[in-house]
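Okay, structure first, notes after.
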Amino acid sequence: MGKDTIADMLTLIRNADMNRKTTVQIPLTNITEKIVKILLREGFVENVRKHQESNKDFLVLTLRYRRRRNRKEFLNLKRISTPSLRIYSKYQQIPRVLGGMGIAILSTSRGIMTDREARLERIGGEVLCYIW
């Protein structure tokens, strides 16, 4: 685990999804909790619960899978803005992920929200990640 908690969270979810794990434990921080709430609301995660183990708090995510036998469809998560290179976007230029099929998660002055919510509220911010 490094200092970039968002990238660590996305990597944990991506690895668990690729290995077809049903649950994954993520260290609890304020920003990871808000991002996981968005994932739950958008339907990428089935269930979320808090877990405490030896004085450390974790979020336990139950992943949702697409049921197709011939295809390997994985959850795609891509970190955009990193601690060394911040990517900001005005509300008119917020990118659409897969033409609106995926979501972009932004950190705005009004909190962490999806690209659709930011466009509706007409505010821009830092583009944290893409999920499709």
Side-chain angles (χ1 to χ4, degrees):
M1 300 301 262
K3 295 189 185 273
D4 189 5
T5 58
I6 299 171
D8 292 340
M9 177 192 70
L10 296 176
T11 302
L12 286 170
I13 294 172
R14 187 182 311 113
N15 289 343
D17 186 54
M18 288 175 58
N19 290 323
R20 297 289 186 210
K21 301 282 185 186
T22 56
T23 61
V24 60
Q25 272 191 350
I26 296 171
L28 178 66
T29 62
N30 289 336
I31 195 159
T32 57
E33 185 175 18
K34 291 174 185 174
I35 291 173
V36 166
K37 284 182 183 177
I38 290 175
L39 292 176
L40 181 65
R41 189 176 64 227
E42 294 290 326
F44 292 105
V45 175
E46 210 170 285
N47 190 14
V48 178
R49 65 181 170 87
K50 289 185 182 179
H51 177 69
Q52 188 172 13
E53 189 175 294
S54 67
N55 262 354
K56 292 185 181 179
D57 292 327
F58 293 97
L59 287 173
V60 179
L61 309 178
T62 305
L63 301 177
R64 175 171 287 162
Y65 290 106
R66 298 162 198 87
R67 308 239 184 240
R68 294 213 177 140
R69 292 186 182 186
N70 2 1
R71 288 191 193 175
K72 292 183 178 177
E73 291 185 22
F74 296 117
L75 182 63
N76 294 308
L77 306 129
K78 183 176 181 184
R79 178 78 160 116
I80 301 302
S81 185
T82 62
S84 61
L85 181 63
R86 305 284 185 183
I87 306 294
Y88 295 96
S89 179
K90 297 178 184 177
Y91 81 92
Q92 299 98 336
Q93 292 145 356
I94 294 174
R96 294 186 189 272
V97 180
L98 287 181
M101 296 297 289
I103 62 169
I105 297 179
L106 284 86
S107 176
T108 66
S109 59
R110 296 187 193 154
I112 296 183
M113 59 181 67
T114 64
D115 55 344
R116 290 181 213 111
E117 295 167 347
R119 275 191 215 95
L120 285 175
E121 294 190 24
R122 299 174 67 103
I123 54 174
E126 181 182 355
V127 182
L128 297 176
C129 60
Y130 295 158
I131 300 168
W132 72 95

I131 side chain near E42 side chain, heavy-atom distance below 4.5 Å: no
L40 side, atom CG; R64 side, atom CZ - distance, nearest 0.5 Å: 8.5 Å
Heavy-atom check, side chain of M9 versus side chain of V36, under 4.5 Å: yes
Within-4.5 Å side-chain heavy-atom neighbours: L59 and Q25: no
Min side-chain heavy-atom separation I103-F44 under 4.5 Å: yes
Validation row: E46, L63 side chains within 4.5 angstrom (heavy atoms): no
CA sep, side-chain torsions, deciding dist, call: I13, L39, side chain to side chain contact (heavy atoms under 4.5 Å, CB included): CA-CA 11 Å; I13 294 172; L39 292 176; 4.0 Å; yes
Residue pair E126, L106: steps toward the side chain to side chain contact (heavy atoms under 4.5 Å, CB included) verdict: CA-CA 5 Å; E126 181 182 355; L106 284 86; over 6 Å; no
Y88 with L85, same ILVMFWY side-chain cluster at under 4.5 Å: no
Min side-chain heavy-atom separation L61-L12 under 4.5 Å: no
Heavy-atom neighbours of R96 CZ exceed 12 at 6.0 Å: no
Straight-line distance of D115 CG to T108 OG1, nearest 0.5 Å: 12.0 Å
Audit row: K78, V97, side chain to side chain contact (heavy atoms under 4.5 Å, CB included) steps and yes/no: CA-CA 11 Å; K78 183 176 181 184; V97 180; over 6 Å; no
Straight-line distance of L10 CG to T5 OG1, nearest 0.5 Å: 9.5 Å
Side-chain touch R79/D4, heavy atoms, less than 4.5 angstrom: yes
Distance in Å, T29 OG1 paired with I35 CD1, rounded so as to fall on 0.5 Å steps: 8.0 Å
